[in-house]
Number of protein chains: 2
Amino acid sequence: MVDTKLCPKFESAFEILGKRWTGLIIKALLSGCHRFGDMSEMIPQMSDRMLVERLKELESAGIVKRTVYPETPVRIEYKLTDKGKDLGKVMDQVQEWADKWVEPPKKEK
Amino acid sequence: MVDTKLCPKFESAFEILGKRWTGLIIKALLSGCHRFGDMSEMIPQMSDRMLVERLKELESAGIVKRTVYPETPVRIEYKLTDKGKDLGKVMDQVQEWADKWVEPPKKEK
DNA sequence: ATACTTACTTACAAAATGTAAGAAGATGAC
DNA sequence: GTCATCTTCTTACATTTTGTAAGTAAGTAT
C-alpha cells in the first residue's frame, strides 16, 4: 500500500460523478442538449423524476446553470458553467476508454 | 439539440463508473492498494459489504483480477487488468478537474 | 480449547431510485 | 367560458440499493 488516504477533492468529485445518471446528463449537456425535454429524450432509461433531481444537484454544485425564458410554453435552458464544461476532458477520456474496451452489448440473439 | 441518443458504449462505461464507490476503489487500486484490508482502510466511509460487492462487479467487468494466495492467514490480491489500468487516464482527468474546481470542504471551523 | 487474522456473509433498517399519475401556468381551439 | 395542449416539474408509493452491525470460515499459534 502506498498512501493511507485518498485525496478529499477526488472523493468529492466522485460524490457527484459516482451517482447514477450524472455522467450521462453532463454528456448530454456537452452534446448540445439544453432543455429538459431534450435530455429526457436523449436518456430514455432515466425517469423525469431523476432528471429533475440530478439537475438540481448539478445546479447547486455549480456545474449547471438554469435559466427560465417565460415564453409560451415556458422554455427553460440548462447550460454548463465553466466548471461544468471543464468536465468535458473527463468525459472525453471516458469515451476513449469505452471505445477501446466496451464491447457492444449482445443482448438479443 | 445535436444528437438524439448517447453512445451506448459511453452509457455502458457509466453503468460502472456511475455507481457509488467504484471510482474510489479504482483510484485506490491505481494507488497501489491490492488487498481488501488496504482498500477498506483507504476508504473508511465505505463498508466492507459494499467493498465486497463492488469488487465482484469490477471482477466480472474484467477490470479487476482476484488472486488467492493460500498463506496464513489467507492473502488475496486484487489487481487491475489492462482494461482497469486504462482507467488511469480517466482518473487523472477527474483529479485534475477536482484540483481546479473542488474547494476543500469547510465543514468544521 | 481458545484466540487471532483476513476476507467475507447474513439479516435487517434506511436511503435512493423507479413508476405512474397529477399539477401549474400560459395559450389557442371550439 | 371550457377544454385541450405544451413543458417542466411534483407527489405518492413500490422496488432496489446501500448502510450497519454481527457472525462465519479456514488456518494457525498459544
Side-chain angles (χ1 to χ4, degrees), chain A residues 1 4 6 11-29 32-61 63-80, chain B residues 1 4 6 11-29 32-61 63-80:
Chain A
M1 186 176 35
T4 176
L6 289 176
E11 289 184 352
S12 181
F14 258 103
E15 277 172 32
I16 301 169
L17 294 174
K19 282 193 157 183
R20 195 166 186 194
W21 307 121
T22 302
L24 302 189
I25 291 169
I26 291 169
K27 178 80 169 178
L29 287 161
C33 271
H34 299 302
R35 301 188 57 179
F36 190 91
D38 294 343
M39 289 184 266
S40 181
E41 251 185 72
M42 197 174 242
I43 314 170
Q45 325 90 281
M46 178 184 54
S47 65
D48 284 2
R49 189 188 160 296
M50 277 298 108
L51 181 52
V52 173
E53 192 165 317
R54 285 294 113 89
L55 285 171
K56 281 181 187 162
E57 290 167 5
L58 289 170
E59 198 189 351
S60 79
I63 290 170
V64 162
K65 177 91 193 309
R66 178 181 186 272
T67 313
V68 179
Y69 297 93
E71 304 169 352
T72 291
V74 66
R75 180 167 60 96
I76 293 174
E77 279 209 351
Y78 293 93
K79 291 202 169 182
L80 290 168
Chain B
M1 185 175 37
T4 176
L6 290 176
E11 290 184 353
S12 181
F14 258 101
E15 277 172 32
I16 301 170
L17 293 174
K19 282 194 159 184
R20 195 167 186 194
W21 307 122
T22 303
L24 302 189
I25 292 169
I26 290 168
K27 178 80 168 176
L29 287 160
C33 272
H34 299 304
R35 301 188 58 179
F36 190 91
D38 294 344
M39 289 184 267
S40 181
E41 253 184 72
M42 197 175 242
I43 314 169
Q45 324 92 281
M46 178 185 55
S47 65
D48 284 2
R49 189 189 159 296
M50 275 299 109
L51 181 51
V52 172
E53 193 164 316
R54 285 294 113 90
L55 285 171
K56 281 181 187 166
E57 290 167 5
L58 290 169
E59 198 189 350
S60 80
I63 289 170
V64 162
K65 176 90 193 305
R66 179 182 187 269
T67 313
V68 180
Y69 297 93
E71 305 169 351
T72 292
V74 66
R75 180 166 62 96
I76 292 174
E77 279 209 350
Y78 292 94
K79 293 203 166 182
L80 291 167

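The chains referred to below are lettered A, B, ... by the order of the sequence lines, with proteins before strands, and numbering in each begins at 1.
Atom CD1 of B:I76 and atom P of C:dT5 are 17 Å apart (whole Å). When the P atom of C:dT19 is taken as reference, atom CD of A:Q45 falls 11 Å away, rounded to whole Å. The distance from atom CG of A:L51 to atom P of C:dT19 is 15 Å, rounded to the nearest whole Å. Atom CG in B:D38 sits about 12 Å away from atom C1' in C:dA7, given to the nearest Å. Look at CD on B:E59: it is 13 Å from C1' on C:dC8, rounded to the nearest Å. The CD1 atom of B:I25 sits 14 Å away from the P atom of C:dA7 (whole-angstrom rounding). In this structure, B:M50 places its CE atom 17 Å from P of C:dA14, rounding to the nearest Å. Straight-line distance from the CD atom of B:E53 to the P atom of C:dA7: 18 Å, rounded to whole Å.
Where B:R49 and A:R35 each meet DNA chain D at their nearest nucleotide, the meeting point lying more 5' is that of A:R35. In terms of position on DNA chain C, the residue among A:D48 and A:P73 whose nearest nucleotide sits closer to the 5' end is A:D48.
Side-chain atoms of A:R20 lie closest to C:dT17 of the nucleotides C:dT5, C:dT17, C:dC8.
Each of A:D38, A:L29, A:I25 was evaluated against A:Y78; a single residue qualifies, A:L29, per the side chain to side chain contact (heavy atoms under 4.5 Å, CB included) test.
Of the possible donor and acceptor atoms, none in the side chain of A:S40 sits under 3.5 Å from a partner among the backbone N and O of A:D48.
A nucleotide of DNA chain D counts as in contact with chain A when one of its atoms lies under 4.0 Å from a heavy atom; the first and last such, 5' to 3', are D:dC6 to D:dA12.
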Step by step, work out the salt bridge (charged side-chain N to carboxylate O under 4.0 Å, His left out) result for B:E59 and B:K56. CA-CA 5 Å; B:E59 198 189 350; B:K56 281 181 187 166; over 6 Å; no
